[in-house]
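This report concerns only the one structure given below.
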Amino acid sequence: MSDLLAHLNAPQLAAVTLPAQHALILAGAGSGKTRVLTTRIAWLISTGQVGPQGILAVTFTNKAAKEMQSRLAAMLPINTRGMWIGTFHGLCNRLLRAHYREAGLPAQFQILDAADQLAAIKRLLKNLNVDDQKFPPRELMHFINAHKEQGLRAAQAEAYDAFTSRRVELYTEYEAQCRREGVVDFAELLLRSYELLQRNEPLCQHYQARFRHILVDEFQDTNRLQYAWLKLLAGRGSVIPESSAACLFAVGDDDQSIYAFRGAEIGNMRDLQREFALPNVIRLEQNYRSHGNILDAANALIQQNRGRLGKKLWTEAGAGEPIRVFEAYSDVDEARFIVEELSELVREGVGRHQIALLYRSNAQSRVLEHHLFTQGIPYRVHGGLRFFDRQEIKHALAYLRLIANPDDDTAFTRVVNFPTRGIGGRSIEALQDAAQQTNSSLYNAAASLAGKAGSAVARFVRLIETLRSETRDLPLPVVIDQLIDKSGLRQHYLADKEGQDRLENLDELINAATAFLHEESGSPSDSSSDGEVAPDGGPLASFLAHASLEAGEHQAGEGEEAVQLMTVHAAKGLEFDVVFITGLEQGLFPHENAAQERDGLEEERRLMYVALTRARRRLYLSHAQTRLLHGQTRYCLPSSFLEELPATLLRRINRGGGQVSARPTGSPGGEAQTAVGGLRIGQNVRHARFGAGVIVATEGSGSEARVQVNFGAGGMKWLALKYARLTPA
DNA sequence: GAAGACCCGATTTTT
DNA sequence: TCGGGTCTTC
């Protein structure tokens, strides 16, 4: 055990060995947060304060959950597989599988991922003859999810106008459709299990008594429902919990809260402090990742935000190099510079995978990719299509879902005519009508309507029936193999000259099922350990849940020695020796849309803070005077965030090395521009009220002359030269 | 049922 | 400008 606590710094040690009470740990970037979390669990267990079954550890991503589990397994001589360590969604799924009856769900309930949910909503709107121009499916989906994340059912939703009242009706219809089909979406997993615990007092008390210690990672990212769920399980109380309540150990960093747009409530941190009457907050401020200059810059930047819990990162490592700032003429010039610079670093021996190119929005990756590609530098873009999102995988899984649950209309619609088997729009509409008449599923309608044994619909029904009966007792991988065969998927992709990759992916799916079974058999099921959890829907249902909840590794080329490209959001939690933060321009980063949002600029600043703190040794900040956006050249001002960094930490760098990149003649746009009233496009100007800006366009001449100026945060303005007092800056 | 025309929108995203 | 999504046509 002394080993366990060795090498912890004082605050880390304090957090790990905190007596049984609620706590909030403010863990800065690179401060050893995961270490504290896992060591805390190991310490609690190894000192006999709690058994492994008394721990509930919650994360947001599967990656974090796995990491916690494997680190724990290395620290403790116990099987961590059966422990309740997982994502909010994974744990809720587990709860609902165990108590599906009490939760009012079928044993084989399926989970809709975002794409399935959207498809389900589109189908709903079609069935109800709702104009999807007036009620865009995506918007409705967001409406429904946002309500669920607030813990609101349709009945509780506020219908403040006619439009919203209709949306609430559609929310109701959507709930009914999900119930009919035996499916739950992601938000439903949480809401349903919250309601289960809230309404079923004995069950709730059972879990409250079981989980003595609840540990939450990335607490700043919790939404209202997730916080309510935690409070319910912890049985809210005072500092020393009553015997019936668990200890809530929340770890988070308000400065790294960057997911407000998907419902994260930064206010949950203060609420936690207040509602659980936390006497103090433990701060982990010593950073083990970055050099001093980088931390000083990050500290200075984030200090501009108001209402922080407050925290200042420091390091024992030296100041390190200055932060390099580069101003490019254009986005292309910026990419050129970055690629040149990183090529030099690679020549000096920096591993390519230790270099990250960060950007605010995905569209920015193109120029970078183009230059990397032409220079023959291997790179990997994070955030692409994931394994279980691929169409061929979704098709195969849809067959599997139909076998498990014939009422799943989403699955039915996906594969009824894929591969094509002559069931066109007419047949499907007929089925939909019939299904609506009898208030049953499409599959049922198909089965009863398929009188003519020879019809395509009848053949499809027979296919599913055959698959179901013939594969009942076969192991999952064999089932999948047969289904790929008999459904005609294999044949279809075999015939497709570009189907090779897809066939390989289908084989990979079979492998995934094999691997899944192996892992499953390695973990003792709950029913055997304490008898409280009823058996779930079998390996088929749990594999399908696994496929929905875990989208799979990102994409091929995983292990390759490649430069890493990703959005700043995607970079959270990662670290690299060298980081390039690109596109630091007003309107891009901070993003112009953020100006409209409540506390938008502060969220952008936190995003910048996250970006800065990814770097271990070297940090580049770049911006361009000109950028191609939506097919048009935009003239850009440097990001205001650059000014918020202490100049002493920065070093402006001039265009590197050998070839002189020709400065575009005339304006940055290239073409010679007509000067209007002595002003030209691309010129920096100053306005008495709006401040500094760049001229973006001109119009008219003489006393009619107008110029469009990008004032960055101040927005884009057309000004008549006659009235506006613009001075060259 | 597949290929081509056409229109619209365009931060960030895990589960 | 580009890509996705829908609509149109053979």
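Values below: all heavy atoms of this structure, side chains included; hydrogens, waters and symmetry mates excluded.
A close approach under 4.0 Å does not occur between any side-chain nitrogen or oxygen of A/R138 and OP1 or OP2 of B/dG9. Phosphate contact (OP1/OP2 of C/dT6, side-chain N/O of A/K126, threshold under 4.0 Å): absent. A/N593 has no side-chain polar atom (N or O) that falls below the 4.0 Å cut-off from OP1 or OP2 of B/dT12. For A/T567, a side-chain nitrogen or oxygen approaches OP1 or OP2 of B/dT13 to under 4.0 Å. Contact check, A/R386 against B/dT15: a side-chain N or O comes under 4.0 Å of OP1 or OP2.
Residue contacts for A/N62: at a heavy-atom cut-off of 4.0 Å it reaches the sugar-phosphate backbone alone, with no base atom in range. Counting non-hydrogen atoms under 4.0 angstrom, A/F186 reaches a base of the nucleic acid. In this structure, A/N362 reaches the sugar-phosphate backbone alone: every heavy-atom distance under 4.0 Å involves primed, P, OP1 or OP2 atoms, never a base. No engagement by A/Q133 is indicated, since no non-hydrogen atom pair under 4.0 Å with the nucleic acid exists. Using a 4.0 Å heavy-atom distance criterion, A/K122 is classed as a sugar-phosphate-only contact.
Separating the P atom of B/dT13 from that of C/dC2 is a span of 22 Å, rounded to the nearest Å. Nucleotides B/dT12 and C/dG5, compared at atom P, are 15 Å apart to the nearest Å.
In this entry the distance linking CG of A/L96 with P of B/dT15 reads 18 Å, nearest Å. The nearest whole Å value for the distance from the CG atom in A/D132 to the C1' atom in C/dC7 is 13 Å. When rounded to the nearest whole Å, the span between CD1 of A/I258 and P of B/dT11 equals 17 Å. Rounded to a whole Å, the CZ atom of A/F60 is 16 Å from the C1' atom of B/dT12. Straight-line distance from the CD atom of A/E592 to the C1' atom of B/dG9: 14 Å, rounded to whole Å. Atom CG in A/L588 sits about 12 Å away from atom C1' in B/dT12, given to the nearest Å. Following rounding to the nearest Å, A/E149 (CD) and B/dT15 (C1') show an atom-to-atom distance of 10 Å. Between A/E218 atom CD and B/dT14 atom P the separation is 13 Å, expressed in whole Å.
In the model, A/R97 has a side-chain atom that pairs as donor or acceptor with a side-chain atom of A/N93 under 3.5 Å.
If you check B/dT13, B/dT15, B/dA10 against the side chain of A/H630, the one that comes closest is B/dA10. Here the nucleotide nearest the side chain of A/T61, chosen from B/dT14, B/dT11, B/dT13, is B/dT14. For A/R366, the side-chain atoms get nearest to C/dC2 when compared with the rest of B/dT12, C/dC2, B/dG1. Comparing B/dG1, B/dT11, B/dT13 against the side chain of A/R262 picks out B/dT13 as the nearest.
Between A/E585 and A/R634 there is no salt bridge, since no side-chain nitrogen of the basic residue lies less than 4.0 Å from a carboxylate oxygen of the acidic one. Checked for salt-bridge contact, A/K394 and A/D116 meet the test: a charged N lies under 4.0 Å from a carboxylate O. A salt bridge links A/K66 with A/E550: the closest approach of a Lys/Arg side-chain nitrogen to an acidic carboxylate oxygen falls below 4.0 angstrom.
Map A/A187 and A/H591 each onto its nearest nucleotide of DNA chain B; the residue landing nearer the 5' end is A/H591. When each of A/D113 and A/R360 is assigned the nucleotide of DNA chain B with its nearest heavy atom, A/R360 is the one assigned upstream, toward the 5' end.
B/dT13 has no base stacking with the ring of A/Y259 when judged by centroids under 5.5 angstrom apart and an interplanar angle below 30°.
Judged by the 6.0 Å distance and 45° axis criteria, A/R606 is not positioned over the aromatic ring of A/Y609. Cation-pi contact between A/R192 and A/F109: absent, since separation from the ring centre below 6.0 Å together with deviation from the ring axis within 45° is not met.
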Should A/F589 and A/L607 be marked as a side-chain contact (heavy atoms from CB on, under 4.5 Å) after you check the CA-CA gap, both sets of side-chain angles, and the distance that decides it?
CA-CA 9 Å; A/F589 196 3; A/L607 201 49; 4.1 Å; yes
